[in-house]
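Shown next, in structure tokens, is the structure this report addresses.
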Amino acid sequence: MIAKQKIKILIGVIIVIATYHFIVSSNVRSKDLTDLVDLGSLDKSTTENERPKNNIVTNNRLDNPPNEDIPHAEPDSPPQVPPKSGNKADFSIFFEGLEKFAIKQPGIKDKYTSEKAKEKFSTDDNFLFGKEYLENVLDIPQATFKELKDSHKRYVDEHIPKMLQRVKTFGSLAPSDKEWESYRGSSGYIIVGGGRFTWLSFLVIKQLRATGAKLPVEMFIATESDYEKEFCEKVLPKYNARCNVFDYKLADDLKKRFDIGGYQYKMLALLSSKFENVLYLDSDNFPTRNVDYLFESDLYKENNLLLWPDAWARTTNPKYYEIAGVPVKENKLRYSKYDEKQAGGKDKLKPLSEYTFKDSWYHDFEGTLPDPTSETGMFMINKSSHLKTLLLCLYYNVFGPQYYYPLLTQGSAGEGDKETFIAAAHVMKEPWYQCARQFKWTGYVSKVDNKFTSKALAHYDPVQAQDTTRQDVDIIFMHLSYPKFYPNWLADNHDLVYADTDEHIRMYSSINKNVGYDFDLRVMQFFTEGLCPNYYDSKTGKPIENIPHIDYTNDYMGNHLMYVKDEEQNNIDRCNKVFIPHLKWLKETAEIPTVVS
């Protein structure tokens, strides 16, 4: 009898412990910002058959590769908690009272009178991006317009001056802090990680160091659930890099208050960075050369905000300038390709003073932002000299998805945060410079249809490009927008090997002469050694090729990153069939000597 009672008591204790464990685990998962702040991922309940089957690349940098399952921590995995610093930075001051500037009218995203703005290159000579066209793309009710204008004016005229009395840089430090002296003049790179982005960003960091760049790197981690202890504390320090894990409670608060996520992480990465001078890189943007020198260039020091151009014609709604309090005068400042075609040639152009809003591109007039648009997959900024710009940029991004992103782009190519930096600097009258040379579409002529296939955007040195007559301008960034270096994307979409012939593809060969090495080979080396466990000898841990300074324990990222580890079996197969043979082919056919370790 006593034995039975003991058993009952024991069972009761087990049930209580199990119930408590379930409650605690549920609470932890309910707070997991990987779920709360979803970076454009497909719903986890989506079945394979319901997923989109096309390979369209969206303009969102944070889109998923086709048919990719995004790994998350196993429910019973012990949480990996980042080390606590003695003095935790407080960034909440930058978000205090922002609700006062919230627009209560319904959002204007996708609210077109008929269709979104046309996607045309900035060199297009057939379509008139005039004032009348641009101000009639979005359907902006008068009540919404008035509320936007009032909110913007109060933020610029009242909130920013008050903030300037409280903060001296876009961050948590003040001149009275002991760290201020080391902060002033500091420079470094920031890049966004977390989940699959940590994998991509690691490849960028490897490439950055291969170029000889020495300045430190911060990898922004938006949530504690994306923190991976082994990677952050053992791998990154070898590359003079660190994980910058954002304040979990503040991130949770911002999610609830403003639905912060996606593009808006860029602002949080800037805000929490320990560098005063920042070169931001998207996680798929690979420097081709050592770009440390840009921080010391006169061009950067004179402007403290460097941008790079996109390909597209500007489609900003004229009402944005009214909302921002920027007067636009009917005083044409520059000619467009459209003007040349209408005139019948450059030599037949009429004087600038004879053009009106009716017969000319709107963004050629005084007070507007010039063509082309910006591509913020990389930019440089000084967080102290351009504090006003960043404060306004924060406002544009907090209220961006439903209001300012549509106003600035109207559904045309790349709608998102990319125009908020140049727009904020323009409004606050702080200097900026955009590289004078547009990027080079980089790819190859496909043997499938004998047509050029673009795979990346090659961006130029803005210092050299100041001389607009110069032809041999260095390519310094490769934005690998499609494909991104996700293993299933590369293998399943036959980006490296033709599906029908098993013939290998060198995607970026057109830049090799410019950069001085085989870019495909360099990136593929880093990719393979990080992804493929079967690239290493099972007994010695050394690579199956004679590559110095790497080994299975340190360089195979399945030992450090869950994204790689969870796909290990699939990747072994991909590596055997595609990646290792492709790397071997690249080495056998390389025309330029390339250091890969």
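Applying the disulfide (SG to SG under 2.5 Å) rule to Cys243 yields the partners Cys232; only residues at least two apart in sequence or on another chain are considered. Qualifying side chain to side chain donor-acceptor pair (under 3.5 Å) partners for Tyr300, counting only residues two or more places apart in sequence or in other chains: Asn277. When the salt bridge (charged side-chain N to carboxylate O under 4.0 Å, His left out) test is applied to Lys440, no partner is found at least two apart in sequence or on another chain. Take Asp472 and apply the side chain to side chain donor-acceptor pair (under 3.5 Å) test, not counting sequence neighbours, and it matches Arg470. Residues satisfying the salt bridge (charged side-chain N to carboxylate O under 4.0 Å, His left out) criterion with Asp177, sequence neighbours excluded, are absent altogether. Residues forming a salt bridge (charged side-chain N to carboxylate O under 4.0 Å, His left out) with Glu419 (at least two apart in sequence, or on another chain): Arg314.
Ser283 places no side-chain N or O within 3.5 Å of a backbone atom of Leu200 that could act as its donor or acceptor partner.
By the 30° and 60° cut-offs, the orientation of the rings of Tyr556 relative to Tyr552 is parallel. A perpendicular orientation is assigned to the rings of Tyr444 and Tyr498, their planes being inclined by more than 60° (bins at 30° and 60°). In this pair, His504 and Trp585 present their aromatic rings parallel. The plane angle is below 30°, not in the 30 to 60° band. By the 30° and 60° cut-offs, the orientation of the rings of Phe379 relative to Tyr280 is parallel.
Using a 3.5 Å distance cut-off with no hydrogens or angles, the side chains of Asn514 and Arg289 do pair a donor with an acceptor. Between the side chains of Glu276 and Thr169, not a single donor N or O lies within less than 3.5 Å of an accepting N or O. Thr373 and Lys418 are linked by a side-chain donor-acceptor pair at a separation below 3.5 angstrom, with hydrogens and angles left out of the test. Side-chain contact check for Asp461 and Tyr293: at least one donor-acceptor pair (N or O, by modelled atom type) lies under 3.5 Å.
Separation of atoms NZ (Lys206) and CZ (Phe527) is listed at 13.5 Å; rounding is to 0.5 Å.
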